[in-house]
Amino acid sequence: MDERKLKILKAIISSYNETGEPVGSRLVAKNESIGLSSATIRNEMQDLEEAGYLIKTHLSSGRVPSQKAYRLYVDMVVQKDFEKLSSTEKKIFLDDINDKSKNLDSMIGKMSKLLSSLTDFTSIAYIRHKGETKLKSLELLKVDENKILAIFVYENFAIDKTLITLNEEISEEEVNYFKEILNKNLAGKSINSLDFNSLKHEKDSLVNYKTILESVLEKFSQKDETYSADKIFLEGINKILNYPEYSDFDKARELIELLEDKRGLLNILENENLDNDLVIKIGNENEIDIFDNIALVLKNVNILDNEVTFGLIAPMRIDYKKVLSIFDDFYNDDLF
């Protein structure tokens, strides 16, 4: 495509992204950077339509960009020249996640919510947990004469707890002694790598605390099973209704039902072969009928030794420059 046509196409995309309305040659001619007459622009737009980059609507004489136009725009224009976020936007993001809340789920949930807030689109976050969950430390707190609160802190900063009720009273000294034995045998291990033989050597010391041991090991085992599962976070699902592309109630409902079915969404994400590069799938590149005018933006990030896919589900006419800048600045391995 020659430079003049590309400049006109960029102007049409920019206008359509902002308004959602078909764009005519007269409107493009008002753009001083184009420097062409309305008649010349009309002829160029005709060529762009014949080449499949513009679509003529039945509602007006204007044109709208096609999927082919957006693919060209993303590949040739945006990825070479995207904007940087303002210092204010960066501060909002970093202030909100910098403490990382010492909990993976909480951090990913915050990052997904912020992605939706910064873009005003539906965001997704998909945690693909790697390996096994290892215990960092175990705290035992006596909360009553015969009750102990066990607090598990994992190496991925997840925290879990369980209340253990005993058949008899237990002293603070006994609680501390048992905590020392458990940390010696459990810290740095997953349930599958736990050396039960080492616990057998402690059998004489633990015989009076069988209830505590069984409760701790049961909770530890449950956490490992839970954290080996993949998790999906979805934010801003109703924001889809803000865009005229989904003013049709049935179409909007179908899309929302697909997104709310996390199993279906998981199948979509699992079929994507992602590395650490940003992936933008436009319209029918998504191979899902209801996504025919949707842009799906995805990127993998390594967080606390877990592979996390962040994404946006939005109309094709999104501000790609801003979206790319958000992913480039915040959703990358260097931040962690």
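One-based numbering along the sequence shown. Note: hydrogens, waters and symmetry copies are ignored here, and every other heavy atom, side chains too, is used.
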K.L.:
What is the minimum heavy-atom distance between Ser112 and Ala125, and which atoms define it?
P.N.:
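Of all heavy-atom pairs spanning Ser112 and Ala125, the closest is CB-CB, 3.9 Å.
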K.L.:
Within the distance-only criterion (no hydrogens, no angle test), does the side chain of Asn176 pair as donor or acceptor with the backbone N or O of Glu172 below 3.5 angstrom?
P.N.:
yes
K.L.:
For a side-chain contact (heavy atoms from CB on, under 4.5 Å) check, start with the C-alpha distance between Ile124 and Leu298, then their side-chain angles and the critical distance, and finish with the verdict.
P.N.:
CA-CA 9 Å; Ile124 53 176; Leu298 300 169; 4.0 Å; yes
K.L.:
Go through it in stages, so that I can follow the logic: the residues are Asp250 and Arg253, the test is side-chain contact (heavy atoms from CB on, under 4.5 Å), and I'd like the CA-CA distance, side-chain angles, deciding distance and then a yes or no.
P.N.:
CA-CA 5 Å; Asp250 290 335; Arg253 183 183 62 185; 3.6 Å; yes
K.L.:
Run the side-chain contact (heavy atoms from CB on, under 4.5 Å) check on Gln46 and Lys56 step by step: do they pass?
P.N.:
CA-CA 10 Å; Gln46 180 66 37; Lys56 182 176 174 57; over 6 Å; no
K.L.:
For Glu18, I'd like to know if atom CD has over 12 heavy atoms of other residues, nucleotides or ligands within 6.0 Å.
P.N.:
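No, because the 6.0 Å sphere around CD of Glu18 holds 12 heavy atoms or fewer from other groups.
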K.L.:
Less than 4.5 Å apart, side chain to side chain, heavy atoms only: is that true for Val279 and Lys299?
P.N.:
no
K.L.:
Could you check whether any side-chain N or O of Ser66 sits under 3.5 Å from a backbone N or O of Gly52, counting only pairs where one atom can act as donor and the other as acceptor?
P.N.:
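Yes, Ser66 side chain to Gly52 backbone: donor-acceptor pair under 3.5 Å.
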K.L.:
Between Glu169 and Asn146, does any side-chain donor sit less than 3.5 Å from a side-chain acceptor?
P.N.:
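Short answer, no.
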K.L.:
Under 6.0 Å from the six-membered ring centre of Tyr53 and within 45° of its axis: does the NZ or CZ of Lys68 meet both?
P.N.:
yes
K.L.:
Would a 4.5 Å heavy-atom cut-off, applied to side chains only, mark Leu9 and Met1 as touching?
P.N.:
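Of all side-chain heavy-atom pairs linking Met1 with Leu9, at least one is under 4.5 Å.
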K.L.:
Side chains of Asp328 and Leu324, heavy atoms from C-beta outward: is any pair under 4.5 Å?
P.N.:
no
K.L.:
Determine whether the aromatic ring centres of Phe121 and Tyr243 lie less than 6.0 Å apart.
P.N.:
yes
K.L.:
What's the spacing between Asn31 CG and Ile8 CD1 if we round to 0.5 Å?
P.N.:
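Reported value, rounded in 0.5 Å steps: 10.0 Å.
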K.L.:
Can a donor-acceptor pair be found, under 3.5 Å and without considering hydrogens, that links the side chain of Lys239 to the backbone of Ala314?
P.N.:
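Looks like no, no N/O pair under 3.5 Å.
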K.L.:
Supply the atom-to-atom distance Ile164 CD1 to Leu166 CG, rounded to the nearest 0.5 angstrom.
P.N.:
7.0 Å
K.L.:
Once rounded to the nearest 0.5 Å, what's the spacing between atom CG of Asp2 and atom CG of Asp47?
P.N.:
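Taking CG in Asp2 and CG in Asp47, the distance rounds to 9.0 Å.
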K.L.:
Ignoring hydrogens and angles, tell me if any N or O in the side chain of Glu285 forms a donor-acceptor pair with the backbone of Ile282 under 3.5 Å.
P.N.:
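Flag set: sc Glu285 to bb Ile282 pair under 3.5 Å.
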K.L.:
Can you find a heavy atom in the side chain of Leu48 that is under 4.5 Å from one in the side chain of Lys5?
P.N.:
yes
K.L.:
Is Lys251 close to Asp292 at the side-chain level, that is, under 4.5 Å between some pair of heavy atoms?
P.N.:
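The answer is yes; the side chains approach within 4.5 Å.
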K.L.:
Hydrogens and angles aside, do Gln67 and Asn284 bring a side-chain donor and acceptor to less than 3.5 Å of each other?
P.N.:
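Per modelled atom types, Gln67 and Asn284 side chains form a pair under 3.5 Å.
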K.L.:
Say you draw a straight line from CG of Leu259 to CD of Glu254; how long is it, rounded to the nearest 0.5 Å?
P.N.:
11.0 Å
K.L.:
Using modelled atom types and a 3.5 Å cut-off, is there a donor and acceptor pairing between side-chain atoms of Thr19 and backbone atoms of Ser15?
P.N.:
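Such a contact is found between Thr19 side chain and Ser15 backbone.
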K.L.:
Any chance NZ of Lys113 has more than 12 other-residue heavy atoms, nucleotides or ligands included, within less than 6.0 Å?
P.N.:
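No.
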K.L.:
Within the structure provided, determine whether Lys142 and Lys147 are in side-chain contact (heavy-atom separation under 4.5 Å).
P.N.:
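Lys142 does not reach Lys147 side chain to side chain.
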K.L.:
Does some side-chain heavy atom of Ile12 sit less than 4.5 Å from a side-chain heavy atom of Lys7?
P.N.:
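Not touching, per the 4.5 Å side-chain cut-off.
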K.L.:
Establish whether Leu255 and Phe249 are linked, either directly or via other cluster members, by ILVMFWY side-chain heavy-atom contacts under 4.5 Å.
P.N.:
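The answer is no; the residues belong to distinct hydrophobic clusters.
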K.L.:
Parallel, tilted or perpendicular for Tyr73 and Tyr320, by the 30°/60° rule?
P.N.:
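Plane angle over 60°, so perpendicular.
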K.L.:
Rounded to the nearest 0.5 Å, how far does CD1 of Ile181 lie from CG of Leu140?
P.N.:
11.0 Å
K.L.:
For the side chain of Asn17 and the backbone of Asp319, is there at least one donor-acceptor N/O pair under 3.5 Å apart?
P.N.:
no
K.L.:
For Ser137 and Val153, indicate whether the former's side chain and the latter's backbone hold a donor-acceptor pair under 3.5 Å.
P.N.:
no
K.L.:
Side chains of Asn300 and Phe310: does their closest heavy-atom pair fall under 4.5 Å?
P.N.:
no
K.L.:
Determine whether Ile148 and Phe178 satisfy the following criterion, side-chain contact (heavy atoms from CB on, under 4.5 Å), listing intermediate values before the conclusion.
P.N.:
CA-CA 11 Å; Ile148 295 172; Phe178 190 70; over 6 Å; no
K.L.:
Measuring from Ile280:CD1 to Leu312:CG, what's the distance to the nearest 0.5 Å?
P.N.:
10.0 Å
K.L.:
Does Thr119 use its side chain to pair, donor to acceptor, with the backbone of Leu115 at less than 3.5 Å?
P.N.:
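Side chain of Thr119 to backbone of Leu115: a pair is present.
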